[in-house]
Amino acid sequence: MSRGRSRTAGREFAAPSADVVFTRHGTLEAGRAFCADVKGRLAAYGRAPDDLRIMPGVTFVLGDTAEQLEECVGTDAADGFILVPHLTPGGLDEFVERVVPLLQERGVYRTEYRGATLRSHLGLPEPAWKG
């Protein structure tokens, strides 16, 4: 299968039932295009855009990280992020100590959890059980 067809197949595979898609984007524009494409497929399956979260992986470059993460979410290039600390040993501690407080000050990162499940933490609706 060609690379283009496999990308399309993966996006279509997620549309009917995926809750979260883990991905990576090279640019903000690529992230926006990916999110628009995948979330645009949901309506065909009776789903709303908020029924799916797109979460690219992020490696830590702490300088402008808070601003970049906020911009990605604010411009529909992502719904959240997966942190990839293994590339920067000890980076997770520094991220939590420096970047999380900045995101909280900006009002784009929670200060407490309201639910008890990953689904509730991600703001996903409860599934409609069939059976």
Side-chain angles (χ1 to χ4, degrees):
M1 184 180 298
S2 77
R3 190 171 184 196
R5 283 193 309 230
S6 67
R7 285 182 186 167
T8 300
R11 294 171 186 198
E12 191 63 32
F13 179 76
S17 60
D19 292 323
V20 180
V21 172
F22 300 115
T23 185
R24 65 177 204 202
H25 306 126
T27 65
L28 189 62
E29 292 76 25
R32 284 189 203 131
F34 180 85
C35 287
D37 181 25
V38 175
K39 289 188 176 207
R41 297 168 187 266
L42 300 180
Y45 299 96
R47 300 180 73 201
D50 283 344
D51 290 346
L52 175 70
R53 296 289 179 260
I54 307 289
M55 301 182 73
V58 174
T59 54
F60 308 143
V61 181
L62 293 173
D64 299 334
T65 302
E67 184 176 315
Q68 292 170 357
L69 296 178
E70 182 179 14
E71 181 180 16
C72 284
V73 173
T75 60
D76 297 326
D79 294 308
F81 298 92
I82 305 163
L83 302 177
V84 187
H86 70 278
L87 298 176
T88 315
L92 184 58
D93 292 336
E94 193 171 359
F95 184 89
V96 170
E97 292 168 5
R98 293 179 52 199
V99 177
V100 169
L102 291 173
L103 294 170
Q104 289 172 329
E105 286 174 17
R106 293 169 182 231
V108 296
Y109 190 82
R110 74 182 120 248
T111 57
E112 62 184 39
Y113 289 103
R114 295 190 179 137
T117 65
L118 178 58
R119 177 178 294 286
S120 65
H121 297 333
L122 294 175
L124 291 167
E126 289 298 319
W129 296 104
K130 299 175 185 172

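Quick note: numbers below take in every heavy atom, side chains included, and nothing from hydrogens, waters or symmetry partners. One is the number of the first residue; the rest follow in order along the sequence.
R41 is linked by a side chain to side chain donor-acceptor pair (under 3.5 Å) to E12, D37, counting only residues two or more places apart in sequence or in another chain. In this view, S17 satisfies the side chain to side chain donor-acceptor pair (under 3.5 Å) rule with no residue, not counting sequence neighbours. For T27, the side-chain contact (heavy atoms from CB on, under 4.5 Å) partners at least two apart in sequence or on another chain are E29, A30. Here D19 pairs with R47, R119, L124 under the side-chain contact (heavy atoms from CB on, under 4.5 Å) rule; sequence neighbours left out. Under the side chain to side chain donor-acceptor pair (under 3.5 Å) criterion, R110 pairs with no residue at all, not counting sequence neighbours.
Of all non-hydrogen atoms in V20 and L122, the two that sit nearest each other are CG2-CD1, 3.6 Å. Of all heavy-atom pairs spanning G80 and P56, the tightest one is O-CD, 3.2 Å. Residues E67 and R106 come closest through the heavy atom pair CA-NH1, 3.6 Å. Here the closest non-hydrogen pair linking A48 and L42 is O-CD1, 3.3 Å. Between C35 and D76 the shortest heavy-atom distance is CB-O, 3.4 Å. Heavy atoms only, all atoms of each residue included: H121 and Y113 are closest at ND1-CD2, 3.0 Å.
Side-chain contact between F34 and V21: present, with at least one pair of heavy atoms (C-beta onward) separated by less than 4.5 Å. Within the 4.5 Å cutoff, the side chain of D51 has heavy atoms near those of the P125 side chain. When side chains are defined from C-beta on, F81 counts as touching V73, because their heavy atoms get closer than 4.5 Å.
Atoms CD and OG1, on E70 and T75 in that order, are 10.0 Å from each other to the nearest 0.5 Å. From L92, atom CG reaches atom CD of E97 across 9.5 Å, with rounding to the nearest 0.5 Å. Atom CZ in R11 sits 9.0 Å away from atom CD1 in I54 (nearest 0.5 Å). Residue L102 holds its CG atom at 10.5 Å from CG of L69, rounded to the nearest 0.5 Å.
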I'd like to know whether K39 forms a side-chain contact (heavy atoms from CB on, under 4.5 Å) with D79, so could you lay out the CA-CA distance, the side-chain angles of the two residues, the decisive distance to 0.1 Å, and finally the verdict. CA-CA 11 Å; K39 289 188 176 207; D79 294 308; 2.7 Å; yes
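Residues M55 and L83 do not share a hydrophobic cluster, clusters being chains of Ile/Leu/Val/Met/Phe/Trp/Tyr side chains in contact below 4.5 Å.
The hydrophobic cluster around Y45 extends to none of the other residues, as no ILVMFWY side-chain heavy atom falls under 4.5 Å of it.
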